[in-house]
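Read through the structure below, which is laid out as structure tokens, and then see the notes.
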Amino acid sequence: MNFTKILTHWYSVNKRSLPWRNTKNPYYIWLSEIIMQQTQIKQGLPYYEAFVTNYPTVFDLAQANEQDVLKLWQGLGYYSRARNLHASAKYIANELNGHFPTTYSDLLKLKGVGDYTASAIASICFNAPTAVVDGNVYRVLSRYFGIDTPINSTKGIKAFKTLATTLLDTKNPGDYNQAVMEFGATQCKPKNPDCTVCPLKNSCEALQQHRVDQLPVKLKKTKVTNKHFNFLVFISEDQRTLFEKRSEKGIWQNLYQFPLIESEDAILSEDFKTHPLVSRFFDTIDFSYSLYNTETIIHKLSHQHLYTKFWIIEVKQLPEKGIPISKLKTYPTPILIGNFIDSFNF
DNA sequence: AAGTCGGGGAC
DNA sequence: GTCCCAGACTT
């Protein structure tokens, strides 16, 4: 038995029961693939269920407000996926009359759909011979064939895509693709895989060479930058607060937050009122303030650490109209803001 | 080719 | 703490 046959057989026995494995409807497969990008199944599963329930067809998703889509996406991260998902739903519903693209090249035209996702949908839904290469595939192939080309180099990306294509079970490309990924997720795991029970143990290059823990090879990622975020949580006598949409590009685009003062260094409580970035904000407004979190909240993103303070600003009247505090939870927010709203006793 | 974009899980 | 996750997009 060769690599492909062993894996497809292994998959038929060991695959997990997942909701999108009971359908070939491209809308549902597309939904699952976008949601699962850079996301573990356990984390994404409830979001998939929520989207299927709230938006059972591509037309339902197309007719939704972006704000509602982002609210349903809240907490999952990489919010451009939600914005692109919504834009592509509108494109499919309105420009393609609801006819989902059926080829790799047409799928690739959808916003948020790259080589991986186009290959996945084309193979699973339309039996196209397009091999997927995700993090699981990089790991399985680099180990089994003993390849130390960095998986995130241009050369590596090309080489692994070509290799994956040659290994594809062209009779059943969708199952083969899912087999490699499932195998990587549950057997050929990143840390401490149990190679003694591996169906490929007799022919795995990495295992013979004792290099399992050294593969795949990945180029170093960029270093983390630190930022200081000061959120101004206004509370007026009529129970309103200021809440703004992050419209600029960058993290959390189109999500909502309290007015933000970003500072080079931490702002101390005793310096708050006289800090140039703060005093400039208030002019003539009369207010009293307190610091919500005495311990700085360190919100860690992939490449940013956000040292965060929530300042409670009590005022008689807001400088702008604002929104009722009772409506705060209806807005899509970063999880950092959402956690504060959930825990603060307004 | 290198950066950017989240949040959580596993170790 | 580190690395990773059914990657895509921008610069």
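Numbered from 1 within each chain, the chains take letters A, B, ... in sequence-line order.
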Could you give the [atom1]-to-[atom2] distance, from [X] to [N], as a whole number of Å?
| X | N | atom1 | atom2 | value |
| --- | --- | --- | --- | --- |
| A/L219 | B/dA2 | CG | P | 7 Å |
| A/Q74 | B/dG6 | CD | P | 13 Å |
| A/K189 | B/dG9 | NZ | P | 16 Å |

Holding to side chain to side chain donor-acceptor pair (under 3.5 Å), I want the full list of residues that pass it with [X], two or more places apart in sequence or in another chain.
| X | answer |
| --- | --- |
| A/S123 | A/N177 |
| A/T186 | none |
| A/Q37 | A/T117 |
| A/N226 | none |

Practice problem: Scan residues 32-50 of chain A against DNA chain B and write down, sorted by residue number, each residue with any heavy atom closer than 4.0 Å; if none is found, say none. | Solution: A/Q38, A/T39, A/Q40, A/K42, A/Q43
Self-check item: Of residues 99-127 of chain A, the positions that come close to DNA chain B - non-hydrogen atoms, cut-off under 4.0 Å
Solution: none
Practice problem: With heavy atoms under 4.0 Å as the rule, sort A/W20 into base, sugar-phosphate or nothing. | Solution: base
Practice problem: Could you tell me whether A/R83 contacts a base, only the sugar-phosphate backbone, or nothing, with contacts defined as non-hydrogen atoms closer than 4.0 Å? | Solution: nothing
Quiz item: Distance between the C1' atoms of B/dG3 and C/dA6, in whole angstroms?
Solution: 23 Å
Self-check item: Span that lies between the P atom of B/dG6 and that of C/dT11, in whole angstrom
Solution: 15 Å
Quiz item: What pairs meet the ring-ring contact (aromatic ring centres under 6.0 Å, His included) rule with one or both residues in residues 93-119 of chain A, with sequence neighbours excluded?
Solution: A/W30-A/F100
Practice problem: Would you check if the side chain of A/R143 reaches a backbone N or O of A/L207 as a donor-acceptor pair within less than 3.5 Å? | Solution: no
Practice problem: Walking along DNA chain C from 5' to 3', note the first and the last nucleotide with an atom under 4.0 Å from a heavy atom of chain A, and give both. | Solution: C/dG1 to C/dT11
Just to verify, what does [X] make a salt bridge (charged side-chain N to carboxylate O under 4.0 Å, His left out) with, not counting sequence neighbours?
| X | result |
| --- | --- |
| A/D115 | A/K161 |
| A/E295 | none |
| A/D194 | none |

Quiz item: Any idea which heavy atoms bring A/P319 and A/L242 closest together, and the distance?
Solution: CG-CD1, 4.1 Å
Below 3.5 Å between N/O atoms, which protein atoms pair up with nucleotides 3-5 of chain B? Just atom names and distances, please.
{"residue": "B/dC5", "atom": "OP1", "partner": "A/I251", "partner atom": "N", "Å": "3.3"}
{"residue": "B/dC5", "atom": "OP2", "partner": "A/H303", "partner atom": "NE2", "Å": "3.2"}
{"residue": "B/dC5", "atom": "OP2", "partner": "A/Q304", "partner atom": "NE2", "Å": "3.0"}
{"residue": "B/dC5", "atom": "N3", "partner": "A/Y78", "partner atom": "OH", "Å": "3.3"}

Quiz item: Does A/K273 count as lying over the ring of A/F287, i.e. NZ or CZ under 6.0 Å from the six-ring centre, within 45 degrees of the axis?
Solution: yes
Exercise. Select from A/H299 and A/K155 the residue whose nearest nucleotide in DNA chain B is closer to the 5' end of that strand.
Key: A/K155
Quiz item: Do the charged groups of A/R211 and A/D148 touch, with an N to O distance under 4.0 Å?
Solution: yes
Self-check item: Pair A/F183 + A/W10: ring centers closer than 6.0 Å
Solution: yes
